[in-house]
Amino acid sequence: MTSSSRVLVATAVPVERDAVAQAFPGDVEQVRLPGVSLVRTGGGCDLVATGVGPASAAASTAAALTAAALDGAPYGLVVCAGIGGGFQPEAPVGSLVVSRTIAVADLGAETADGFLPVTELGFGRVAHHSPRSLVRKAVRVTGARPGTVLTVSTVTGTADRAAELRARHPDALAEGMEGFGVAEAAVAQGRPVLEVRAVSNPVGPRDRAAWRIGDALTALTEGFGKLAPVLESWIQHDQHDHP
Ligand SMILES: O=C(O)c1cccc(C(=O)CC[C@H]2O[C@@H](n3cnc4c(=O)[nH]cnc43)[C@H](O)[C@@H]2O)c1
């Protein structure tokens, strides 16, 4: 393996991390680093369970990226992966979504005239874009739908909120709670980033009985089985073309 040829996959919780790990043949190794623990697959992929939410995701991802850079073996790609809510009818339960754009949906200010993203207040960023060539290849091998994946700090629980998010982000296909945090950490170190969400529930009225976490985790394992060789080959041949 050459420098920059490794992939870091960040999931929120261990069950998601282990679903991704199952897609890689061979044994895994635990690697403990300051501020973060990794699961290293035989295929050159490191997996980290960051905890739920964008802040925790950014902190763990940054720790893993910094450790790799200091070790002289930086990652060539960062992938945020996990289960997520799917906007209906475009992203049905059990389907896979990959990010063209990773957008934070609730970072800003509420005003009498509606929500203002933080960029309109003169600060920061609200979106990151995944490399087009990588998205194309990921879609071709997995059949995933490409679009915007939203990051929220509060899971959407009403039809009104789902409609409001879609009005502000017409290309949104899914929502999760970590993507923007992972992307901020990746971009801060000049690393390309992709988000992959397996849909476990519809975005909309809260209905715990409608969750299909097992189906989504199976979709995640199957998706990564197809995606893993593509990620590796993209890093080898195309990473310098991004975005
Ligand atoms: O209690 C609820 O109603 C509820 C509904 C959906 C998700 C949750 C979670 O606590 C899961 C958070 C966890 O899973 C990802 N995830 C899965 N579905 C969604 C979603 O619809 N919206 C946002 N995040 C979702 C998320 O990335 C977290 O890691 C609770």
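Keep in mind it's a predicted model, so treat the numbers as computed, not measured. Below, all heavy atoms of this structure are taken into account, side chains as well, without hydrogens, waters or symmetry copies. All residue numbers in this chain count up from 1 along the given sequence. Both ligands and their constituent atoms are indexed starting at 1 by order of listing.
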One finds that the ligand 1 atoms under 4.0 Å from a non-hydrogen atom of Ala12 are 29 (O)

Among non-hydrogen protein atoms, atom 2 (C) of ligand 1 lies closest to Arg206 NE, 3.0 Å

If you measure from the Lys or Arg side-chain nitrogens to the Asp or Glu carboxylate oxygens, is any gap between Asp171 and Arg100 under 4.0 Å? no

Interatomic distance, Cys45 atom SG to Leu231 atom CG [nearest 0.5 angstrom]: 7.0 Å

Step by step, work out the side-chain hydrogen bond (donor to acceptor under 3.5 Å, both in side chains) result for Glu178 and Thr61. CA-CA 10 Å; Glu178 294 78 29; Thr61 304; over 6 Å; no

Nearest heavy atom to atom 13 (C) of ligand 1: which of Glu195, Met177, Glu175 does it belong to? Met177

Looking at Glu222 and Lys226, is there a salt bridge between them, counting it only when a charged N and a carboxylate O are closer than 4.0 Å? no

Less than 3.5 Å apart, which donor and acceptor atoms pair up between the side chains of residues 81-90 and the rest of the protein, not counting sequence neighbours?
residue	atom	partner	partner atom	Å
Gln88	NE2	Gly86	O	2.9
Gln88	NE2	Ala91	O	2.8
Glu90	OE1	Arg166	NH1	3.2
Glu90	OE2	Arg166	NH2	2.9

Which ILVMFWY residues are connected to Leu173, directly or by a chain of links, through side-chain heavy atoms under 4.5 Å apart? Val93, Val97, Val149, Val199

Between ligand 1 and Val155, can you find any atom pair, the residue atom being a heavy atom, that is separated by under 4.0 Å? yes

Near Arg197, which atoms of ligand 1 are under 4.0 Å from a heavy atom of that residue? 27 (O)

Within the structure, does Trp211 bring an N/O atom to less than 3.5 angstrom of an N/O atom in ligand 1? no

Considering distance alone, does some N or O of Glu16 sit under 3.5 Å from an N or O of ligand 1? no

Should Gly84 be listed as contacting ligand 1, given a heavy-atom distance under 4.0 Å as the test? yes

Option whose closest heavy atom lies nearest to atom 14 (O) of ligand 1, chosen from Thr50, Ile83, Asn201, Ile213: Ile83

Interfacing atoms of ligand 1 (cut-off 4.0 Å, heavy-atom, Gly85): 18 (N), 19 (C), 20 (C), 21 (O)

Answer whether the closest heavy-atom distance between the side chains of Glu195 and Val98 falls below 4.5 Å. no

Among all the protein's non-hydrogen atoms, which is closest to atom 29 (O) of ligand 1, and how far away is it? Glu178 OE2, 2.8 Å

Shortest non-hydrogen contact from Leu121 toward Gly108: CD1-C, 4.3 Å

